[in-house]
2 protein chains.
Amino acid sequence: MDGAEQPKRRPRVRRGSGELTVADVARQAGVSPMTVSRVINRLGNVLPETRARVEAAIAALDFVPNPAARSLAGRPQCRIALLHSNPSAAYLSEFLVGSLAGASETDAQLVVEHWDGGDSPVRLAQRLTDHRIDAVLLPPPLCDDAALLAALSASNLPLAQIATGAPVAFADAVSIDDEGAAHAMTCHLLALGHRRIGFIAGDPNQTASALRQAGYARALRDAGLDVDPDLIVPGDFTYRSGLDASERLLSQVPRPTAIFASNDDMAAAVIALAHRHRLDVPHDLTVCGFDDTAMARAVWPEITTIRQPVADMAHRAMLRLADRVRAAASPDVRAPLHEELAFTLVERASDAQPHEK
Amino acid sequence: MDGAEQPKRRPRVRRGSGELTVADVARQAGVSPMTVSRVINRLGNVLPETRARVEAAIAALDFVPNPAARSLAGRPQCRIALLHSNPSAAYLSEFLVGSLAGASETDAQLVVEHWDGGDSPVRLAQRLTDHRIDAVLLPPPLCDDAALLAALSASNLPLAQIATGAPVAFADAVSIDDEGAAHAMTCHLLALGHRRIGFIAGDPNQTASALRQAGYARALRDAGLDVDPDLIVPGDFTYRSGLDASERLLSQVPRPTAIFASNDDMAAAVIALAHRHRLDVPHDLTVCGFDDTAMARAVWPEITTIRQPVADMAHRAMLRLADRVRAAASPDVRAPLHEELAFTLVERASDAQPHEK
DNA sequence: AAAGAAAATGATACCGCTAACACGATTGAA
DNA sequence: TTCAATCGTGTTAGCGGTATCATTTTCTTT
């Protein structure tokens with residue numbers, strides 16, 4: 001041993017979690033870490049052959065980049081709020097599942113915020129920016145609140161409306177064709193042979209309601225039938241309103257042979273009331289709903305309804321917002337995009353051909 | 001200018017997002033960044049006076065530490081899976097909201113995973129560890145699946161059972177006192193004056209079912225009443241089963257004056273059937289449920305039920321798991337903790353005193 | 001074919017925070 | 001009084017990526 005004093009520092013203890021890093025992949029592929037990063041992020045200027053080698057290495061090692069490091073190293077953080085008004089809304093869980101999937105895909109953080117209208121929209125916007133929220137996801141019914149939309153937009157927050165009937169110019173929107181779906185359902189009832197079809201409208205404050213009613217009316221007209229105003233009764237999407245509405249419909253003479261409710265809760269109410277009137281569903285009365293929420297399969301008979309791909313919608317909206325937040329600095333701010341996803345008519349047990357008396 | 005060549009590198013462009021850092025706080029407080037970190041993480045060995053100064057600086061600047069940097073700098077990552085079997089279960093959204101709150105508090109990542117029993121439990125465990133899941137949150141009914149629990153535990157994954165009736169020794173558990181809650185509800189019915197109280201049992205595969213039934217029976221015995229086996233009918237938590245069960249109860253002579261269903265879906269079915277029998281709820285028949293899911297407020301009259309603080313439960317479980325994952329390296333592995341949260345009896349419109357005929 | 005432009009890749013320095021260690025100031029024990 | 005243990009705080013070196021610039025290679029162009 002020489003007399004020179006040893007350097008004081010000993011080799012530091014590794015803190016690393018032992019997980020793979022870009023360096024491991026780089027070694028395996030015989031390139032530099034930077035090239036690996038380029039491949040991962042699909043940045044151009046990588047020879048196809050190199051890219052292939054790196055991709056092979058990634059696959060071989062089953063490498064997953066560390067999101068924390070990623071976001072720390074320059075990629076802007078991205079916190080997206082899901083603003084809801086009703087924590088027990090039936091669609092919320094599907095909503096969350098979809099958003100969460102989108103969030104983890106884009107390495108965004110999902111923050112669930114609640115707003116019941118107690119604060120003013122402006123205060124809410126303030127609260128959100130204080131919480132460093134970068135964008136907001138708006139499920140119904142909040143997606144149709146004009147004052148809210150205005151306030152959030154004024155705070156320069158990118159917005160996404162989900163399942164709205166009236167997309168605004170300054171927000172992204174993902175929805176289904178409510179009018180078309182209601183049209184399809186009505187056609188389905190017509191095809192079964194129904195001619196007197198009652199319709200229970202939805203909450204007039206939600207934009208989708210009018211669209212659904214329009215689809216119903218168009219289908220009747222297309223079939224050469226008159227739209228009888230007596231067969232259209234108001235509702236507000238609650239079970240209770242469905243009870244009142246169906247009472248009005250079922251007391252008519254002649255009674256409608258089918259009732260199309262604007263959502264499943266009201267459809268469930270129709271079934272309950274029909275049973276109280278000693279009517280068999282679907283033998284004496286066909287009932288159908290809209291949304292395919294848990295209620296549709298909770299009751300008996302299970303309700304024929306329109307399925308909205310809620311999880312998908314939330315997923316798409318999430319990706320779109322993350323994109324927008326990350327691209328905010330760049331010059332090419334894309335115009336808001338209004339996307340329409342396909343709905344499905346799911347036939348269950350509450351519909352049948354009209355019964356000849 | 002001197003002739004020496006300028007260093008090639010120019011000052012780098014700042015990539016920072018302009019957000020505050022520990023350094024800013026340190027400057028403001030006149031200490032080093034490390035001391036700020038110590039204060040934030042409540043590590044000991046900081047003079048109270050220094051701590052106060054730092055805390056003041058944090059408050060003044062409204063500083064929030066960057067979670068990405070935090071986890072990158074050593075704190076072990078923490079990915080927790082919420083494993084569910086039914087994406088549209090009524091409680092799932094509350095569940096997610098609570099878990100998400102816990103996740104953001106502890107800087108853990110929540111991953112939602114679905115399992116319908118298609119894969120073997122062992123394969124599932126494999127899949128989870130492949131996805132680098134560190135711990136698993138189990139809501140009902142999965143929290144009672146013995147094979148699943150065994151497989152996950154064998155993979156060394158910390159587990160938390162939520163709302164289970166039978167906590168296992170090797171998992172954390174957060175639940176309510178199902179037996180006590182059922183007892184309380186039954187006492188409530190007795191206090192109203194009911195003596196013939198029907199009971200609809202829950203799915204025998206879920207451990208909470210037996211507890212609820214036991215609570216019902218104990219309350220009757222406490223009141224000096226016999227437990228009439230004819231008044232206890234089986235169910236499986238579905239609306240459909242509630243329909244069958246209540247048919248059996250309502251056809252008895254004398255008819256029960258109250259029916260206590262083990263969950264809200266079945267209670268809703270009781271109401272529907274009662275209406276079909278031209279019975280007014282609650283005038284002719286008192287109905288109550290359990291869980292306080294969306295169904296309880298969807299139907300009319302709204303159902304008197306037992307509220308489980310699902311969001312809180314998920315929240316607590318989440319914190320516990322994050323703790324456990326982070327403490328995994330340390331020697332003092334705490335014993336699993338079984339926690340019991342308070343329930344609430346929420347009175348709505350489906351109960352009343354028995355009506356004298 | 002030489003010079004120049006463009007493309008591919010590498011090297012370096014961070015992002016914001018904290019583990020590990022260093023070090024001066026107290027405090028306590030011998 | 002001297003030396004060691006302790007405490008409070010500062011210093012250094014990463015964590016695992018990526019922005020930026022440097023360098024090398026390849027392809028044009030005249």
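Residue numbers start from 1 in every chain, and the chains themselves are labelled A, B, ... in the order their sequence lines are given, proteins ahead of strands.
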> So how far is it from A/D312 CG to A/E94 CD, rounded to the nearest 0.5 Å?
Replying inline: 9.0 Å
> In Å and rounded to the nearest 0.5 Å, what is the CG to CZ distance from B/L337 to B/R324?
Replying inline: 8.0 Å
> Got more than 12 heavy atoms from elsewhere within 6.0 Å of CZ, B/R127?
Replying inline: yes
For [X] and [N], give me the distance from atom [atom1] to atom [atom2], rounded to whole Å.
X: B/F63; N: C/dT18; atom1: CZ; atom2: C1'; result: 12 Å
X: A/R70; N: D/dG16; atom1: CZ; atom2: P; result: 15 Å
X: B/L72; N: D/dC15; atom1: CG; atom2: P; result: 9 Å

>> Could you check whether any side-chain N or O of B/H338 sits under 3.5 Å from a backbone N or O of B/V174, counting only pairs where one atom can act as donor and the other as acceptor?
In response: no
>> On a heavy-atom basis, which atom in A/A57 and which in A/Q28 lie closest, and how many Å separate them?
In response: CB-CG, 3.5 Å
>> Minimum heavy-atom separation for A/V54 and A/V36, please, with both atom names.
In response: CG1-CA, 4.1 Å
> At how many degrees, to 10°, do the end axes of the helix from C/dA1-D/dT30 to C/dA30-D/dT1 meet when each uses five pairs?
Replying inline: 40°
For residues 150-164 of chain B, which side-chain donor-acceptor pairs fall under 3.5 Å, sequence neighbours excluded?
from   : atom 1 : to     : atom 2 : distance (Å)
B/S155 : OG     : B/A151 : O      : 3.3
B/Q161 : OE1    : B/V168 : N      : 2.8
B/Q161 : NE2    : B/C143 : O      : 2.8
B/T164 : OG1    : B/D144 : OD1    : 2.5
B/T164 : OG1    : B/A166 : N      : 3.1
B/T164 : OG1    : B/T207 : OG1    : 3.4

> salt bridge (Lys or Arg N to Asp or Glu O under 4.0 Å) with A/R51: which residues, sequence neighbours excluded?
Replying inline: none
> Which nucleotide in the set C/dG16, D/dG10, D/dG17 lies at the smallest distance from any side-chain heavy atom of B/N66?
Replying inline: C/dG16
>> If you take any heavy atom closer than 4.0 Å to DNA chain C, which residues from residues 45-54 of chain B end up in contact?
In response: none
> Among all residues two or more places apart in sequence or in another chain, which pass the side-chain hydrogen bond (donor to acceptor under 3.5 Å, both in side chains) test with B/R38?
Replying inline: none
> Which ones in residues 32-40 of chain B lie close to DNA chain D, meaning a heavy atom under 4.0 Å from one of its atoms?
Replying inline: B/S32, B/M34, B/T35, B/R38
>> Set out, in order, the CA-CA distance, both residues' side-chain angles and the distance that settles side chain to side chain contact (heavy atoms under 4.5 Å, CB included) for B/I40 and B/V25, then state yes or no.
In response: CA-CA 11 Å; B/I40 292 174; B/V25 178; over 6 Å; no
